[in-house]
Amino acid sequence: MTMQTDKEIRCPAPAVTYGKVLFGMECPCESVEKAEEIFREVPQLLELFRNPVVPVKEKYAVIDRVFPEEMRNFLKTVCKNHRMDLMPEIFAAYRQCMDEKNRILHAVLTCTTPPDGEQMQGLEAFLRRKYGAEEVRIEVRRDDSLLGGFILRAGSDEYDRSIRGGLDRLAQTLGAK
């Protein structure tokens with residue numbers, strides 16, 4: 001059972017493939033996180049790797065100097081295939097694989113008033129049971145246009161318990177008659 005949400009980054013197919021390959025390599029998580037951190041902190045690296053004027057040999061030398069050893073062959077392959085521009089999406093796809101393996105569910109709760117601790121625990125318990133998740137991570141977003149209540153998105157499901165949603169459903173019912 002897949003446990004993804006609307007929050008996930010919509011990755012291009014090649015990025016998903018590379019993310020799955022990286023996950024399948026069983027590279028230490030710390031090395032993957034370190035590589036992602038390096039790209040985040042030094043965005044000029046992506047420019048360098050995308051630049052067709054820079055010889056591949058120089059790009060490989062940078063990879064060898066900058067990145068964790070466990071990531072080097074993978075990064076060289078991505079570089080050789082001219083896909084370094086996909087690195088943010090590759091890392092996102094890798095994290096999605098990790099979350100599925102660890103049975104972590106991401107959900108988005110949109111509401112007018114954030115839930116208190118007891119309500120949040122109730123939502124988490126519901127989602128754990130429904131999706132068989134070990135851990136639930138709920139991102140809370142505020143939206144006053146809901147007028148009250150909430151919308152919960154998890155997996156491919158949406159639970160609209162908002163006043164606005166109720167009014168919209170009522171209008172559709174009345175309009176259909």
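Small disclaimer: the values here were computed from a predicted structure and weren't measured.
Phe126 has its ring centre less than 6.0 Å from the ring centre of Tyr159. In this structure, Tyr94 has its ring center no closer than 6.0 Å to that of Phe74.
By the criterion of side-chain heavy atoms lying less than 4.5 angstrom apart, applied directly or through intervening Ile, Leu, Val, Met, Phe, Trp or Tyr residues, Val140 is not grouped with Leu146; the two fall into different hydrophobic clusters. Both Val21 and Phe39 are assigned to one and the same hydrophobic cluster, defined by single-linkage of ILVMFWY side chains at heavy-atom distances under 4.5 Å.
The closest donor-acceptor contact from the side chain of Arg72 to the backbone of Asp64 lies under 3.5 Å.
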Side-chain donor-acceptor pairs under 3.5 Å in residues 41-49, sequence neighbours left out?
| unit_1 | atom_1 | unit_2 | atom_2 | d |
| --- | --- | --- | --- | --- |
| Glu47 | OE2 | Arg50 | NH2 | 3.2 |

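Comment: Arg128 does not engage Glu134 in a salt bridge, judged by the lack of any side-chain N to carboxylate O separation of less than 4.0 angstrom. For Arg142 and Asp144, the salt-bridge test passes: some basic side-chain N is under 4.0 Å from an acidic carboxylate O.
A pairwise comparison of heavy atoms in Ala93 and Ala15 identifies CB-O, 3.7 Å as the closest pair. Pairing each heavy atom of Met84 with each of Val78, the nearest pair is SD-CG1, 3.5 Å.
Dense packing is recorded around NZ of Lys76, with more than 12 heavy atoms of other residues, nucleotides or ligands lying under 6.0 Å away.
Here the side chains of Glu135 and Leu105 are not in contact, with every heavy-atom distance at 4.5 Å or above. Counting only heavy atoms from C-beta outward, the side chains of Leu147 and Ser162 never approach each other to under 4.5 Å. The shortest side-chain heavy-atom distance between Ile104 and Arg137 falls under the 4.5 Å cut-off. At a threshold of 4.5 Å between non-hydrogen side-chain atoms, the residues Ile138 and Glu124 count as touching. Side-chain atoms of Tyr18 and Phe23, non-hydrogen and from C-beta on, never get closer than 4.5 Å to each other.
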